There are 2 protein chains.
Amino acid sequence: MRNSRSDVVAAAMRVLDTHGLEGCSMRRVAADLGVQPGALYHHVPNKQTLLALMADEIVADVVPDADPHTTTSARATDDAVRLCRALRDAMLRVRDGADVVATAAAFRLGASRVEAELAALVGPAGARTLLLYTFGHAQSTQTRLQARVFGALVGDADTLETGDVDATALDISFTEGLAIISCGLLGGGSATIPHSGQSESAG
Amino acid sequence: MRNSRSDVVAAAMRVLDTHGLEGCSMRRVAADLGVQPGALYHHVPNKQTLLALMADEIVADVVPDADPHTTTSARATDDAVRLCRALRDAMLRVRDGADVVATAAAFRLGASRVEAELAALVGPAGARTLLLYTFGHAQSTQTRLQARVFGALVGDADTLETGDVDATALDISFTEGLAIISCGLLGGGSATIPHSGQSESAG
DNA sequence: ACCTGAACACCGTTCAAGT
DNA sequence: ACCTGAACACCGTTCAAGT
């Protein structure tokens, strides 16, 4: 054989890095592989599936950096926050990564590995809340940092006026929201208390 | 004159309703207006701008249904939650509305009217957190409900297995997340206390 | 099994020329 | 000022035919 499915995904990741999500066309991926556009459809049924595979790769090595001795719920919330941080880092590491992951995740929210891990720590409602916030903030961050680069290239004076944001300011902004949510998770009330083990369905 | 800018936006909203965001092409909007594609560029510089105008229209009449006697912060948080609910309703009211608004908002987070109102109630960090959650949840909701309709048309048996979600279940899910965040906003700690009047910059 | 060649049915955007 | 006609440089996807 000449090309495998993972060759296609690897090529797509390369094109994503050099041309961004908007420029990541099937035809360009094919060109990167030195192959005709139609050839891709032997390895992948359509573009949407290819994007989902890319999203999986971006998120692949997002792991909680703490061992699972979840006794107090304060500890669990802390682990969940760390997992969100790792997820955010993974998405920001690749060009337009947040958009790729968020788009693919929208289709199957409730079915991802990271969400399951979060749900085990802080319950399903907490997991959704954290995940949606993390996706949204990362997308916004990436859009703004990219706009800043673009503005710098054009020499746009408005850039400093409307978007005087740097990476560290956005980091702090992310942390603030995370603090609000985790505070709400600890505050009791309507927040579901997670089972310390797995949930009933592993599907 | 034959067509104004608002005619173009109105036509775009019609096309959005009948064909969805994916099918909302400049050429189709032009056809709806009985005009050549190039004619649109007399009223709008590009498609991105048209989408932003559509987003403005979708969100236009999102107003807080409570008067501004913000004395206790519990009251302010409640108003903020109600504003998020109104925003969500407005987005869900039109086909793919959440995607349209979220895409347009990503470009200028920190510059929208609704965000400013939220910030006045619960501070900038709280506003961002609520807004990103509301966008993300609404997008996910709309994607899933649409997938359910599609599955029903195709008669896909997996629909019931993987996505047994209805509108009310998603409503409850939204409320749960909102409860977590507002609980965090009230919990004090790192949440910024809003000024009861305006912030320093009205820009 | 994997790929080529070629087509089909589309896109957003530009721009001279008309009225 | 607003629009036509026509083009430019692209898309995703399909499919007979080759090896």
Side-chain angles (χ1 to χ4, degrees), chain A residues 1-56 95-96 99-100 103-104 106-107 143 146-147 150 153-154, chain B residues 1-56 95-96 99-100 103-104 106-107 143 146-147 150 153-154:
Chain A
M1 78 241 106
R2 280 183 259 191
N3 276 312
S4 70
R5 170 181 270 228
S6 48
D7 290 330
V8 173
V9 177
M13 293 299 288
R14 254 172 281 145
V15 174
L16 182 68
D17 186 55
T18 59
H19 297 276
L21 181 56
E22 209 165 75
C24 191
S25 64
M26 296 299 268
R27 298 177 106 99
R28 257 209 269 246
V29 172
D32 182 283
L33 239 32
V35 121
Q36 293 291 330
L40 298 182
Y41 292 84
H42 263 268
H43 304 101
V44 130
N46 49 49
K47 188 180 182 179
Q48 190 191 130
T49 302
L50 179 55
L51 284 170
L53 293 170
M54 294 163 75
D56 285 343
R95 162 115 91 126
D96 290 339
D99 273 308
V100 173
T103 301
F107 259 88
T143 304
Q146 189 165 320
F150 183 72
L153 288 176
V154 183
Chain B
M1 74 243 111
R2 280 183 260 192
N3 276 313
S4 71
R5 169 181 271 228
S6 49
D7 290 330
V8 172
V9 177
M13 294 298 288
R14 255 171 281 146
V15 174
L16 182 69
D17 186 55
T18 59
H19 297 277
L21 180 57
E22 210 166 74
C24 191
S25 65
M26 295 299 269
R27 297 177 107 98
R28 255 205 274 244
V29 172
D32 182 282
L33 238 33
V35 123
Q36 292 292 327
L40 298 182
Y41 292 85
H42 262 267
H43 304 101
V44 130
N46 49 49
K47 188 181 182 176
Q48 192 192 129
T49 301
L50 179 53
L51 284 170
L53 293 170
M54 293 163 76
D56 286 344
R95 162 116 90 127
D96 290 338
D99 273 307
V100 173
T103 301
F107 259 88
T143 304
Q146 189 165 319
F150 183 72
L153 288 176
V154 182

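Letters A, B, ... are given to chains in the order of the sequence lines, protein chains preceding strands, and every chain is numbered from 1. Quick caveat, the model's predicted, so the values are computed rather than measured. All values below come from the heavy atoms of this structure, side chains included, with hydrogens, waters and symmetry mates left out.
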* Integer-rounded Å distance: D:dG12 P and A:His42 NE2 -> 18 Å
* Can you check the A:Lys47 NZ to C:dC11 C1' distance for me, whole Å? -> 12 Å
* Gap separating the CG atom of A:Asp7 from the CG atom of A:Leu33, nearest 0.5 angstrom -> 6.5 Å
* Structure fact -> Taking for A:Asn46 and for B:Ala39 the nucleotide of DNA chain D with the nearest heavy atom, the one nearer the 5' end belongs to B:Ala39
* Quote, to the nearest angstrom, the P distance that separates D:dC10 from C:dA9. => 22 Å
* Structure fact -> So OG of B:Ser6 and CE of B:Met13: to nearest 0.5 Å the spacing works out to 13.0 Å
* Please tell me which of the listed nucleotides, D:dC11, D:dC3, C:dC11, lies nearest to the side chain of B:Ser25? => C:dC11
* Is any side-chain N of the basic residue among B:Arg14 and B:Asp32 closer than 4.0 Å to the acidic one's carboxylate O? -> yes
* Asked: How many angstroms lie between CD in A:Gln146 and CG in A:Asp99, if you round to the nearest 0.5 Å?
  -> 8.5 Å
* **Short side-chain N/O contact from B:Gln36 to OP1 or OP2 of D:dG5, under 4.0 Å** => yes
* In whole angstrom, give the distance that lies between atom CG of B:Asp7 and atom P of D:dA1. => 18 Å
* Asked: If you round to the nearest 0.5 Å, how far is CZ of A:Arg27 from CD of A:Gln36?
  -> 9.0 Å
* State which of C:dC2, D:dC11, C:dG12 makes the closest approach to the side chain of A:Arg2. => C:dC2
* Interatomic distance, B:Tyr41 OH vs D:dC8 C1' [rounded to whole Å] -> 13 Å
* Asked: Separation of A:Arg27 atom CZ from C:dA6 atom C1', in whole Å?
  -> 11 Å
* For atom CZ of B:Arg5 and atom P of D:dA1, their distance in whole Å -> 16 Å
* According to a strict under-4.0 Å criterion, is B:His43 in side-chain N/O contact with OP1 or OP2 of D:dC3? -> yes
* Asked: Tell me: CG of A:Leu33 to P of C:dC3, nearest whole Å?
  -> 8 Å
* With both distances under 3.5 Å as the test, what is the Watson-Crick or G-U wobble partner of D:dT19? -> C:dA1
* Asked: Would you say C:dC3 has OP1 or OP2 under 4.0 Å from some side-chain N or O of A:Asn3?
  -> yes
* **Euclidean distance, atom NE2 of residue B:His19 to atom P of C:dC11 [Å, nearest integer]** => 10 Å
* Who is the Watson-Crick or G-U wobble partner of C:dC11, with both distances under 3.5 Å? -> none
